[in-house]
There are 4 protein chains.
Amino acid sequence: MTDGRVTRARALREERRQQILYAARGVFAHRGYHASSIADILGAANIARGTFYLHFESKKTIFSELLDSFTDRLSGVVHRVDLTSDVSARNQLLANVQRILAILFDNQDLTTILLREAVGVDTEFDTKIAEFWGHVHLLVKRSLKTGIELGILRSIDPELYAWFVLGGIKEAIAQLVARGETPDAEQRRRLAENVLDYTLRGILRT
Amino acid sequence: MTDGRVTRARALREERRQQILYAARGVFAHRGYHASSIADILGAANIARGTFYLHFESKKTIFSELLDSFTDRLSGVVHRVDLTSDVSARNQLLANVQRILAILFDNQDLTTILLREAVGVDTEFDTKIAEFWGHVHLLVKRSLKTGIELGILRSIDPELYAWFVLGGIKEAIAQLVARGETPDAEQRRRLAENVLDYTLRGILRT
Amino acid sequence: MTDGRVTRARALREERRQQILYAARGVFAHRGYHASSIADILGAANIARGTFYLHFESKKTIFSELLDSFTDRLSGVVHRVDLTSDVSARNQLLANVQRILAILFDNQDLTTILLREAVGVDTEFDTKIAEFWGHVHLLVKRSLKTGIELGILRSIDPELYAWFVLGGIKEAIAQLVARGETPDAEQRRRLAENVLDYTLRGILRT
Amino acid sequence: MTDGRVTRARALREERRQQILYAARGVFAHRGYHASSIADILGAANIARGTFYLHFESKKTIFSELLDSFTDRLSGVVHRVDLTSDVSARNQLLANVQRILAILFDNQDLTTILLREAVGVDTEFDTKIAEFWGHVHLLVKRSLKTGIELGILRSIDPELYAWFVLGGIKEAIAQLVARGETPDAEQRRRLAENVLDYTLRGILRT
DNA sequence: TATGAATGAGGCTTCATTCAT
DNA sequence: AATGAATGAAGCCTCATTCAT
C-alpha cells in the first residue's frame, strides 16, 4: 500500500507543516497572538491562504500546537529527584534546572510565547497554560514536601513556596529572553547555580 | 460662577465616570482585554454607547487609565528603606510588602488585569507595563546593592536576584488572586512574613 | 399683552438667534456642511448644545436658513430691465451686476457657502439651490429673449447662453472669493464692467 | 510562471475591480459622496463587504480613483494650440471642445460627480479638484495670453477671462447633464460651436 | 431660557475562515 | 495539494438629536 510515492508525499506534507509552524512561531513571538494575523504567518511562510488551512484548522489550533509541543518538551526534561541515587539531590535538581534552561534558551521564540504572549489570549488557552504551570508547580511542591519530610527543608508551606520558586525562575528567564540575551554554556551553568542557590537558601533548613 | 449646581453636576459626572471604570474593571478582569467588547462594558455599566465615549476616548484609553492609576497607586506605597530610621530595615521592608499586598488583595480585579490580562494587549501597553515592573525592579535592585555594600547581603548579582525576588512574589500573588482567595488580615500578615522570609534567606549573608 | 418685558425677551431671543446664525455661517463657510459638526457651531457661538435646538430645529434647518435668506437677498437686487426707462439697458444691467457683486463681496462666508459648500449636501438642498439658480437663469433668459426680439442681440439659444453667462460670472467670483480677495469700490466697478463687457460681446448683434 | 491560469486570474480580478468601480460610479453620481454608504455600493455591485476592501482601501480611495482617472482623461484630450499647424487655431480649439464634450457626455455619471458631487467632500478632495480646474484654467489663460500677444485677442485680463470662459462651459454642461440630456453627434457639434462662438466673441479683438 | 449629559442609529473597517478553480 | 478571491460576522467610533434639571 504505502509505496514510495505515498511515503514521499507524507514527508513533503510534514515538511510543509513544519515550515508553517516555524513561520508562525516567529510571528507569534514577535507580535503576540492578537497582533498576529493569518496574513502575517502566510507572509512569513510564503504560502497561500488556503494552504494554511490545509494543514491547520485555525489560528488557535496552530498557536495551541506550538504551545503544547513546547510545554510537553519542557515537562519531559523535569525528572523527579531520586533519593536513592548516587547523585546528590542538589545535583539532580541542578541537572533539572540546566535542562530546562537549555530548552528555554535554545527556543527563545517559544519561550517568549510561553512566558509573555500566551497570557490572556483566550479562556481556553489560559486554562491550558495554567494547567502546565500547575503541573510544574506540583512537581516542585512534591519535592518540597519530600524535603520537609526528610528534614532537609524547613517546615514551610509547600504550596506557597513552590510558587515563589517557580515565579522567581520564570521572571528571571523571561527578562533575559526579553532582552535577547543568549548566554553561552558557562553563563548558563552559572545562572543555573544562582537559581538553585537562591531557591535552596530560601527553603533549606539551616 | 461655580454655584451649587455646577458643583453637583461635576460630582455627578465624576460619579458616572467611576461607574464606567468600575464596570470596565470587572469586564477586563473577567474576560481579558481582547475578549472584552465595548458592548460588554456598556452592558455592565448599563449605559448607552455614546455615554461611554463621553467619558473615555476609546477602549484602549479606559484600559490604560485603569492600569495607570493602579500602577501609580502601587508605586506610591513602596518606600525606600531608610537605614537611619529607628525602625529596622526588615520591618520597613515588611511594611512595604504589607502595603502592596493590601492594595493587591483589595483590588483583585485590577490585580488580575495587571498580572494576567495586560500582557500582549498592545505594544504600547507592553512597554508601559514593562516600565512599571522595571521601576519596581530598580527599587529592589537598589535595596540589594545597599545591602551588599553594607555587608548585610551576600555578594550576589543584584540585577538577577531582583528579578528572582520580584517574580516569586508576583507569581504567588497571581495564584492566590486567580483562585479568588481573599485572605483576612492575619493571613495577609503571615503571607507577608513568608514572602520576606523566603526572599531574605535567599540573599542574606548568613 | 405685549408689555415691555415680552418685547425685550423677544429682542433677546432674536439676538441670540443671530449670534448662532453668525457663528454657523463662519463654520459652514470654513469647513463645509459635512465637515462642520454641531459642536463646531456651539464652540463658535459659545453656547450650550440644548440652546442650539431651542432656536433651530436641526443642522439642516440652520444651513437652509442661511442659504435661503442669502438667495432671497440676492434675488431682491436683480431688477428686470425696464426698456422704457431713461437709463440705458446696459446701465441697468450694469447696476444689477454691481448690486450683486456688492452683496457677494460683503458676505464672503455666505458666498462661499452658496457657491462651493452647498452642493451635494443633500438632495433637498440641491433641489433648492438648483431652483435658485434656475430663477436667476430665468431672469437672464428673459432678458436675452427680449434682447433678441428687439434685435439688439444675435439670434442665439437663450436657454443655453443664459447658462454661459451665469456660469462665467459664478466661476469668476467663486475664485476671487476663494482666494480671499476683497476688491475695493473701484476694483468692483471694473470687475462689473468686465463681466458685462465679456457677456455682452458674446451675445450682442454686432 | 505567468501561464494561462495566472493571466486569466488577473483578468478576472481586474474585471471585478471594474465592476465595483462601475457600481460606485453610479451610486456616487446618484446620491453624492456623503449620502452614499459602502452598503449602497455593495448592493449595486452585488458583492460582499469584504470583497470591496479586497480591491479598494476605503470609501475615499475609490471615490478618489474615479475622480482622478476622469480628470486625467480630460486633461489628456486638451491639446495646446499649435500656431504653426495647417489647421486654424479656431478649429484646433473647436476640436478641443469637442473632445471634452465627448468625454463628458459619454460619462454622465462621472461628469455629475466632477461637477456636482465632488465639492465639499473633504479638504483633500477640494484641493485636488481645485488643482484640476486650476490646471485647465492655466491652459486657457495661456491661450488667451498668446492670443493677446498675437494681437488676435483684445487686451483683457487673461486670469479673469479664463475663469469666465471656464465657468460658462462648466455651467452649461452641468445643466445639460443634470437634466439627463444626451445630445447626439449633430447636437454636440452645434453645442461645441456655440461654446466656442460665445467665448471667442467675448474676447476677440473685433 | 439655558445647560450638557445621555442616547443609539448609522457607518467604516478588519480579518478568520470558506470554497471554487 | 495549492491558490487566492470571496465572505460576513464582529467590533469600534461619531454625532445629530433628546431630555431631565
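Just so it is clear, the model here is predicted, and its values are computed rather than measured. Reminder, nothing fancy here: chain letters follow the sequence lines and each chain counts from 1. All values below come from the heavy atoms of this structure, side chains included, with hydrogens, waters and symmetry mates left out.
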[N] [atom2] sits how many Å from [X] [atom1], rounded?
{"X": "E14(B)", "N": "dG4(E)", "atom1": "CD", "atom2": "P", "result": "17 Å"}
{"X": "D122(D)", "N": "dC12(E)", "atom1": "CG", "atom2": "C1'", "result": "15 Å"}
{"X": "K59(B)", "N": "dT14(F)", "atom1": "NZ", "atom2": "C1'", "result": "18 Å"}
{"X": "Q19(D)", "N": "dA5(F)", "atom1": "CD", "atom2": "P", "result": "14 Å"}
{"X": "Y33(D)", "N": "dC12(E)", "atom1": "OH", "atom2": "C1'", "result": "10 Å"}
{"X": "E15(A)", "N": "dA1(F)", "atom1": "CD", "atom2": "C1'", "result": "14 Å"}
{"X": "L12(B)", "N": "dA20(F)", "atom1": "CG", "atom2": "C1'", "result": "12 Å"}
{"X": "I38(D)", "N": "dG8(F)", "atom1": "CD1", "atom2": "C1'", "result": "15 Å"}

Would you mind pulling out the nucleotide paired to dA9(E), Watson-Crick or G-U wobble, both distances under 3.5 Å?
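Across any shown strand, dA9(E) pairs with dT14(F).
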
Please name the nucleotide paired to dT18(E) by Watson-Crick or G-U wobble geometry with both distances under 3.5 Å, or report none.
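Because both required distances fall under 3.5 Å, dT18(E) counts as paired with dA5(F).
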
Taking C-beta and beyond as the side chain, do I41(D) and F28(D) meet within less than 4.5 Å on heavy atoms?
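The answer is yes; the side chains approach within 4.5 Å.
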
So do the side chains of T71(A) and K128(A) get within less than 4.5 Å of each other, counting heavy atoms only?
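In short, these two side chains do not touch, never coming nearer than 4.5 Å.
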
N/O (side chain, [X]) to phosphate O (OP1/OP2, [N]) under 4.0 Å:
{"X": "R16(B)", "N": "dA6(E)", "result": "yes"}
{"X": "H55(D)", "N": "dA6(F)", "result": "yes"}
{"X": "Y53(D)", "N": "dT13(E)", "result": "yes"}

If you find the nucleotide of DNA chain F closest to A39(B) and the one closest to N46(A), which residue's nucleotide is nearer the 5' end?
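The residue closer to the strand's 5' end, by nearest nucleotide, is N46(A).
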
By nearest heavy atom, map S37(C) and I47(D) onto DNA chain F; which one lands nearer the 5' end?
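So the residue in question is I47(D).
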
Any idea which heavy atoms bring Y53(D) and S58(D) closest together, and the distance?
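The pair with the smallest heavy-atom distance is CE2-CA, 4.1 Å.
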
Using every non-hydrogen atom in the two residues, find where E117(D) and G32(D) come nearest and quote the distance to one decimal.
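Looking at all heavy atoms of both residues, the shortest contact is OE1-CA, 3.3 Å.
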
Polar contact flag, side-chain donor to acceptor under 3.5 angstrom, Q19(A)-E15(A)
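The criterion, which ignores hydrogens and geometry beyond distance, is not satisfied for E15(A) and Q19(A).
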
Using a cut-off of 4.0 Å on non-hydrogen atoms, how would the nucleic acid contact of [X] be classed: base, sugar-phosphate, or nothing?
{"X": "H34(A)", "answer": "nothing"}
{"X": "T51(B)", "answer": "base"}
{"X": "L54(A)", "answer": "base"}

Kindly say whether, by distance alone, the side chain of R49(C) makes a donor-acceptor pair under 3.5 Å with the base of dT18(F)?
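Answer is no: no donor-acceptor pair is held.
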
When you match S58(D) and A48(B) each to their closest nucleotide on DNA chain E, which lands nearer the 5' end?
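Mapping each residue to its closest nucleotide by heavy atoms, the 5'-most match is A48(B).
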
Whichever of R13(B) and G50(B) has its nearest DNA chain E nucleotide further upstream toward 5':
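Residue closer to the 5' terminus by nearest nucleotide: R13(B).
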
Can you tell me how far the CD atom of E57(B) sits from the OG atom of S64(B), to the nearest 0.5 Å?
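Reported to 0.5 Å precision, the distance equals 10.5 Å.
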
